[in-house]
Structure formats: structure tokens, C-alpha cells
Amino acid sequence: MKIGIYPGSFDPVTYGHLDIIERSSKIVDHLIVGVLINKAKTSLFSMEERVKMIQDLTKDYGNVEVRAFDGLTVNLARECGANVIVRGLRAVTDFEYELQLAQTNKVIAPDIDTIFLTTNLKYSYLSSSMVKEIASYGGDIHSFVPDEVEVKTKQKYKVEHQK
Ligand code: ADP
């Protein structure tokens with residue numbers, strides 16, 4: 001059985017991430033979306049909120065599970081018995097970092113391979129940070145994230161503005 005891990009911050013999840021989830025869920029038998037608890041980065045959404053949003057949006061897939069994790073992706077992969085790490089590649093700018101990460105992971109966990117899915121052209125420009133920046137200025141983010149994510153993101157900034 002092929003078990004894959006798709007790790008990321010997903011702060012918040014975008015159509016670009018959801019496209020990678022949908023496509024990779026057809027490649028592996030079971031996909032675990034790993035939501036990173038990054039202590040070094042302050043996130044807009046809590047880990048629970050990020051997990052819940054992805055769970056709600058992927059509930060119709062029979063083989064997708066969402067879990068929070070901290071530490072190394074390869075440790076999560078080992079814990080879950082996963083043999084594949086899935087990453088998305090948007091542009092050349094992603095490539096250098098992703099290659100370095102994949103090669104490092106291969107040294108520390110030779111039994112686990114990283115596979116890259118190239119972005120859907122429709123979403124090649126899309127990132128969570130851009131979504132947050134636009135939302136923070138009251139801009140329209142409905143082309144980038146599903147409705148429920150849009151509502152929650154807007155609420156965050158409304159709350160921030162009222163402070
Ligand atoms: P990280 O903080 O690890 O970069 P992200 O949540 O930003 O986490 O992204 C997780 C993964 O999803 C990464 O492999 C990233 O390249 C990929 N990704 C992000 N946005 C897109 C997109 N628009 N299209 C395809 N892949 C994407």
C-alpha cells in the first residue's frame with residue numbers, strides 16, 4: 001500500500017493546495033495531509049483551525065486524512081508508515097529549496113521518496129502569503145480560496161482591525 005504525506009503550513013489552504021491534494025490522492029492509496037505546527041513562524045490560523053478547514057474541504061475523498069505535526073516530515077512519514085512525500089512546484093523559485101529539502105530527506109530517510117507535482121497553471125502564482133496580504137487590505141480573495149476559507153480569513157482581519 002502506497003501511503004503519501006503532503007506536508008505544509010496551509011495558512012490558509014488555497015485552491016493550489018487543494019489541487020495538489022486531489023491529484024496526489026489519485027496517485028497514492030492513502031494520503032495524509034500534514035499540517036505543520038511551526039513554532040518559528042506565527043500563523044494567522046491556529047493549528048486546529050487549519051486542520052479543520054482542510055478536513056471539511058476533503059471530507060468527500062475516501063482516502064485523505066489530515067493531521068497536525070511538528071518536527072521533521074520524515075518522522076511523520078515513519079510514524080504513518082508512509083513511503084512518499086508529496087510537494088508542489090509552482091515556479092523555478094520553488095525548485096532550489098524543494099530540491100535541497102528532498103535531497104536532505106533522502107539522506108536521513110533513504111527509504112522515503114519525494115515526488116513533485118507541478119502546479120496547475122491556473123494556480124501557479126498562488127500562495128497563502130499572497131492571500132493573507134490581499135485580505136489584510138480588504139481585497140477580494142474569492143478566486144484563490146474556497147468560500148469557507150474566504151469567510152474565515154476575512155473574519156481574522158476584521159478582528160485584527162478592531163483591536
Ligand atoms: P510551506 O510552508 O511548507 O511552503 P505551504 O503550505 O506554503 O507550506 O505549501 C505546501 C506545499 O504546497 C509546498 O510543496 C508548496 O510548494 C505547495 N504549494 C503551495 N501553493 C501551491 C500552488 N499554488 N500550486 C501548487 N503547489 C503549491
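Counting from 1, the numbers follow the sequence of the chain as shown. We count ligands from 1, going down the list as the structure has it; atoms in each ligand are counted the same way. Both backbone and side-chain heavy atoms feed into the values below; hydrogens, waters and symmetry mates do not.
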I'd like to know if [X] contacts ligand 1, where contact means a heavy-atom distance under 4.0 Å to any ligand atom.
X: S124; result: no
X: I20; result: yes
X: Y15; result: no

Which atoms form the tightest heavy-atom contact between [X] and [Y], and what is the distance?
X: D11; Y: F45; value: OD1-N, 2.9 Å
X: Y61; Y: S25; value: CD2-OG, 4.1 Å
X: R90; Y: L126; value: NH1-O, 3.2 Å

For [atom], what's the nearest protein heavy-atom neighbour? Residue, atom name and distance, please.
atom: atom 16 (O) of ligand 1; result: G88 O, 2.6 Å
atom: atom 2 (O) of ligand 1; result: S9 OG, 2.7 Å
atom: atom 4 (O) of ligand 1; result: R87 NH2, 4.0 Å
atom: atom 24 (N) of ligand 1; result: T119 OG1, 3.0 Å
atom: atom 20 (N) of ligand 1; result: R90 NH1, 3.4 Å
atom: atom 12 (O) of ligand 1; result: Y6 OH, 2.6 Å
atom: atom 9 (O) of ligand 1; result: H17 NE2, 3.4 Å

Check your understanding: Is the side chain of R50 donor-acceptor paired with the backbone N or O of A68 at a distance under 3.5 Å, no angle test?
Key ->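 Looks like no, no N/O pair under 3.5 Å.
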Review point. Just by distance, do the side chain of N63 and the backbone of L31 share a donor-acceptor pair under 3.5 Å?
Key: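 Judged by distance alone, no pair lies under 3.5 Å.
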Validation row: [X], [Y] side chains within 4.5 angstrom (heavy atoms):
X: K106; Y: D113; value: yes
X: I85; Y: I115; value: no
X: V51; Y: R67; value: no
X: K158; Y: K154; value: no

[X]: numbered ligand 1 atoms lying under 4.0 Å from its heavy atoms:
X: Y123; answer: 22 (C), 23 (N)
X: G8; answer: 3 (O), 6 (O), 8 (O), 10 (C)
X: E98; answer: 14 (O), 16 (O)
X: F10; answer: 6 (O)

